[in-house]
Amino acid sequence: MARQLRPVGIEFVETAPVRLVFAREISASPGSVFHALAEDVPGWAEWFGAVTLARSADEGARREIRLKGGTRFLETVLVAKEAEVYAYRIDETNAPGARALVEEWRLTPAGTGTRVQWTFAADGSAVFRLALTFGRAGLGRAFRDAVTSLERRLASA
């Protein structure tokens, strides 16, 4: 059953009770990474292993995401600053225990490539927060695998 989450703003990335931050440098330019994140939303299913469906709605202001295992998200884009940051809030999900979620992808030039930083900011029940803390390694692995796959995809384009 889908539930509405608390509508938080971009500041939640800094104030959330649980903040998981992962970063990696890749050879693709910040502009091409931003395009893959913000403009080629359906492409997420090609490079982010957990994503089975991704589609834009409301002229790019919202997104629908489905993950392996059946988790679903309806999201609102909070920030889409070309080649710098792409962030969205999860408004509705079937994930148990979640109360507020924001994800931010920050892009910084690194030599001829990009430093990609993903912040997963969350609040929820004590069990949900504990599960995220214990799941940190798995989320980190999912991030590394996704960014590696994205780098390959962008290099072959």
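Computation of the quantities below employed the complete heavy-atom set of this structure, encompassing side-chain atoms and omitting hydrogens, waters and symmetry-equivalent molecules.
- Taking both residues in full, the closest heavy atoms of Ala83 and Pro30 are given as O-CB, 3.6 Å, listed atom of the first, atom of the second, then distance.
- Nearest approach of Leu132 to Ala122, heavy atoms of both residues: CD1-CB, 3.4 Å.
- Applying the ring pair (Phe, Tyr, Trp, His ring centres under 6.0 Å) rule to pairs touching residues 26-61 yields Trp44-Trp47, Trp44-Trp105, sequence neighbours excluded.
- Counting Ile, Leu, Val, Met, Phe, Trp and Tyr side chains that sit under 4.5 Å apart, directly or through other members, Val8 shares a hydrophobic cluster with Ile10, Phe12, Val13, Leu78, Val79, Val85, Val102.
- Applying the side chain to side chain donor-acceptor pair (under 3.5 Å) criterion to Arg6, with sequence neighbours excluded, gives Asp123.
- Residues passing the side chain to side chain donor-acceptor pair (under 3.5 Å) test with Glu92 are Gln4, sequence neighbours excluded.
- Between Phe120 and Val18 the shortest side-chain heavy-atom distance does not fall below 4.5 Å.
- In terms of heavy-atom proximity, Tyr86 sits nearest to Ala80 at CD1-CB, 4.0 Å.
- Atom-to-atom distance recorded for Leu154:CG and Ile26:CD1 is 6.0 Å, nearest 0.5 angstrom.
- Going from atom CZ of Arg72 over to atom CG of Leu67 covers 10.5 Å, rounded to the nearest 0.5 Å.
- Looking at Lys68, its side chain does come within 3.5 Å of a backbone N or O of Gly49 through a donor-acceptor pair.
- Cluster partners of Leu74, using a side-chain heavy-atom cutoff of under 4.5 Å among ILVMFWY residues and allowing indirect links: none.
- Sorted by first and then second residue, the salt bridge (charged side-chain N to carboxylate O under 4.0 Å, His left out) pairs with a member in residues 100-115 read Glu104-Arg106; sequence neighbours excluded.
- Annotation: side chain to side chain donor-acceptor pair (under 3.5 Å) contacts of Thr71 (sequence neighbours excluded): none.
- Applying the salt bridge (charged side-chain N to carboxylate O under 4.0 Å, His left out) test to residues at least two apart or on different chains, the pairs with a partner in residues 137-157 are Asp40-Arg153.
- Taking CZ of Phe73 as the start and CG of Leu5 as the end, the distance is 9.0 Å to the nearest 0.5 Å.
- Judged purely by atom type and a 3.5 angstrom limit, Arg129 uses its side chain to pair as donor or acceptor with the backbone of Gly124.
- Remark: side-chain polar atoms of Thr114 are not paired, donor with acceptor, to backbone N or O of Ala110 under 3.5 angstrom.
- For Thr119, there are no side chain to side chain donor-acceptor pair (under 3.5 Å) partners, not counting sequence neighbours.
- Among pairs with a residue in residues 73-91, those fulfilling salt bridge (charged side-chain N to carboxylate O under 4.0 Å, His left out) read Arg62-Asp91, Arg63-Glu75, Lys81-Glu84, Arg89-Asp91, at least two apart in sequence or across chains.
- In this structure, Phe22 and Leu20 have side chains that are in contact, with non-hydrogen atoms separated by less than 4.5 Å.
- Residue pairs meeting the salt bridge (charged side-chain N to carboxylate O under 4.0 Å, His left out) criterion with at least one partner in residues 20-35, sequence neighbours excluded, do not occur; the list is empty.
- No side-chain heavy atom of Phe143 sits under 4.5 Å from any side-chain heavy atom of Leu139.
- In this structure, Phe134 shares a hydrophobic cluster with Leu130, the cluster being traced through Ile, Leu, Val, Met, Phe, Trp and Tyr side chains under 4.5 angstrom apart.
- Taking CG of Leu150 as the start and CG of Leu37 as the end, the distance is 6.5 Å to the nearest 0.5 Å.
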